[in-house]
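What follows is a single structure, written as structure tokens, with notes after it.
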Amino acid sequence: MRTAGRTSLAPEEGKIIIEHTNINPNKAAHIGHLRNACLGDTLARCLRYKGEKVEVQNYIDDTGVQVVDVVFGFMELEKKTVEDLERLPGKFDYFCWDLYARVSAYLPKHPEAQARKSEIMKRIEHGLDPEYGLSRYVSRRIVKAHLATMARLGVFYDVLPCESTILHLKFWDKAFELLKERQAIYLAAKGENSGCWVMRLEEDEEREKVIVRSDGTVTYVGKDIAYQLWKFGLLGRDFFYEPFAERDGRTLWISTPTPTAGFPAFGGATKVYNVIDTRQSYLQKVVVQGLRSLKFEAQAAKSVHFSYEMVALSPKSLSELGYAASDEEKDRAFLEVSGRKGLGVKADDLLDRLEAKALAEIEKRDPDRAGDERRKTARDIATGALRYFMLKFARNSVIVFDFEEALSFEGETGPYLQYTVVRLASIFRKLKERFGLAESDIVPPAGGAALIPEGLSDQETADFWDLILTAASLEEEVLRSVAALEFSHLAKFAFLLCQKFNGYYHKYPILAEENLEVRAFRLLVLRTAKEQLHAALGLMGIPPPERM
RNA sequence: GUGCCUGUAGCUCAGCUGGAUAGAGCGUUGGACUCCGGAUCCAAAGGUCGGAGGUUCGAAUCCUCUCAGGCACGCCA
């Protein structure tokens, strides 16, 4: 019964690139970033399960204005050097979170500072110290902080392409040539965009999107088109890479403009998923249209914007954060997270709270366990709670974040799924202790004997089919989730399977069953359910604890 | 102004490639085996599916209009 349907899992692409996380390296990660990473990572896991070759990229905008703002803050407001930053106590990403908010408030009140900010930006672009050195120090250290936060959730990447490398290797120049050559853009001679290179928009013939400004610099979308071309191997230019971090013997690579050797092949995908929130839908459309205008129809069709709604803050969570809402903000149902305002729930803070709560529960229930083991389990529960929370909502619905809801361990939550897994593990552990039977000994009856014992009640037969058919639909659910990019389906499926198992388990004794034939049958049902459930949790990145 | 998204139980959300009495969690109320983990299970109460029209044998689901909320639309990123 476990082999049925295997054929449905087959790769359809040569190579798939998923770009997700993409946090500006100038401040701590927040709950909005967590939703992005959880969705992207789950997509990666599901596609790999399907048999696809997947490359996960986390794009680092290390030369953008957000980093410049923080560099400005360190130089002008804090008067700090790189050496000072090395000695800064506490979490560096948290310090930058506050500093970025300070700078964002400072700049509008000090228009004269704009000149200095522009100067910093130019000097970073040209690699001039101390600005350049500071920007590199800040962005690299923040990236490490982000990677550490994501590692807490089991989210990892293959490669970190950097904006700075794209600039140094002049990816844009190459893309610009292509765009001009194939007449995908043209120089506007009159009108408000006079002097700019623009792209005509398909949907709205009247509108044109500026790709190159009248001063000759490229816009955000322009750079994105170049990057998208590279992902498909269409740019005719490539990065170099060097190791950035290690985990489990695997190397995470980061792009570099300096020629290196010995790195794996990155890029050159046949399909690309960009995990970006829905507010960027318009820009993503322009990027795809850019490919189409270049006559890369096939690649345009395989460029997927995996869009999702934002995570916002409930009025209750706002007051818990100590945020004083303005009169205008007061009657709103929710408020957007804002890095500029320093308004948001930091990812590590939320994870810390989840871990602390889980640890308290474990200590209450199982005070004899070793401290290390308790902490490990608390981490697993925190991860499970958070990842399930980020997946259970349909991607088109705004998550109005509420602490009480996010910190819940009961009902439709990750810990409920984990608890179910723990109960299953416990049954098989006791089976071994009491009867010396290993899980692998639980196999269908040999010699063509009936699977369902004779004389099984109609009710139990019906419950058996209900549970087993649900368990068997995992693959179908995964494929459906991937096709719709709707991982709430997968989450609901896992939850339903747990509910069905818990109901079955409540009604039918397993270890205490004296009829050995019936016991063997029920164990077989449980083994199947357990395997499918573990697979489902694995795809969602929810760790299955042995005990909790 | 134009485009996209959302509106379903007190609250948070599923269901939306049309199909039978509209589901779940939380909350409320009442229960559960001396036995395999009570982070569990069972039950009850709770809904004119924002509103109006239309298509259909049949609409929460499709179409039109409308009301309410959100987001986007820059020579910012």
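If you're wondering where the values come from, they're calculated on a predicted model, not measured in any experiment. Proteins come first, then strands; the chains are lettered A, B, ... in the order of their sequence lines, and each starts at number 1.
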Original post:
Atom OH in A:Tyr308, atom CZ in A:Arg279: separation rounded to 0.5 Å?
Top reply: 8.0 Å
Just how far, in rounded Å, is [atom2] of [N] from [atom1] of [X]?
{"X": "A:Arg429", "N": "B:G37", "atom1": "CZ", "atom2": "C1'", "answer": "9 Å"}
{"X": "A:Leu201", "N": "B:G74", "atom1": "CG", "atom2": "P", "answer": "10 Å"}
{"X": "A:Glu404", "N": "B:G27", "atom1": "CD", "atom2": "P", "answer": "9 Å"}
{"X": "A:Lys500", "N": "B:C42", "atom1": "NZ", "atom2": "C1'", "answer": "17 Å"}
{"X": "A:Asn396", "N": "B:C16", "atom1": "CG", "atom2": "P", "answer": "14 Å"}
{"X": "A:Leu526", "N": "B:G37", "atom1": "CG", "atom2": "P", "answer": "12 Å"}

Subject >> Side chain A:Ser214 and base B:C75 donor-acceptor under 3.5 Å >> reply: yes
Is there a side-chain contact between [X] and the phosphate of [N], meaning an N or O under 4.0 Å from OP1 or OP2?
{"X": "A:Gln280", "N": "B:A77", "value": "no"}
{"X": "A:Arg395", "N": "B:U6", "value": "no"}
{"X": "A:Ser426", "N": "B:G37", "value": "yes"}
{"X": "A:Arg547", "N": "B:A39", "value": "no"}

Give one of base, sugar-phosphate or nothing for [X], where a contact means two heavy atoms less than 4.0 Å apart.
{"X": "A:Ser281", "answer": "nothing"}
{"X": "A:Asp61", "answer": "sugar-phosphate"}
{"X": "A:Arg365", "answer": "base"}
{"X": "A:Tyr220", "answer": "base"}
{"X": "A:Gln499", "answer": "sugar-phosphate"}

Original post:
Are A:Ile166 and A:Trp230 side-chain neighbours, meaning at least one heavy-atom pair lies under 4.5 Å?
Top reply: no
Original post:
Is A:Glu119 salt-bridged to A:Arg116, cutoff N-O under 4.0 Å?
Top reply: yes
Original post:
Are any of the side-chain nitrogens in A:Glu433 or A:Lys430 under 4.0 Å away from the carboxylate oxygens of its partner?
Top reply: no
Original post:
Between A:Ile427 and A:Val398, who's closer to the 5' end of RNA chain B by nearest nucleotide?
Top reply: A:Val398
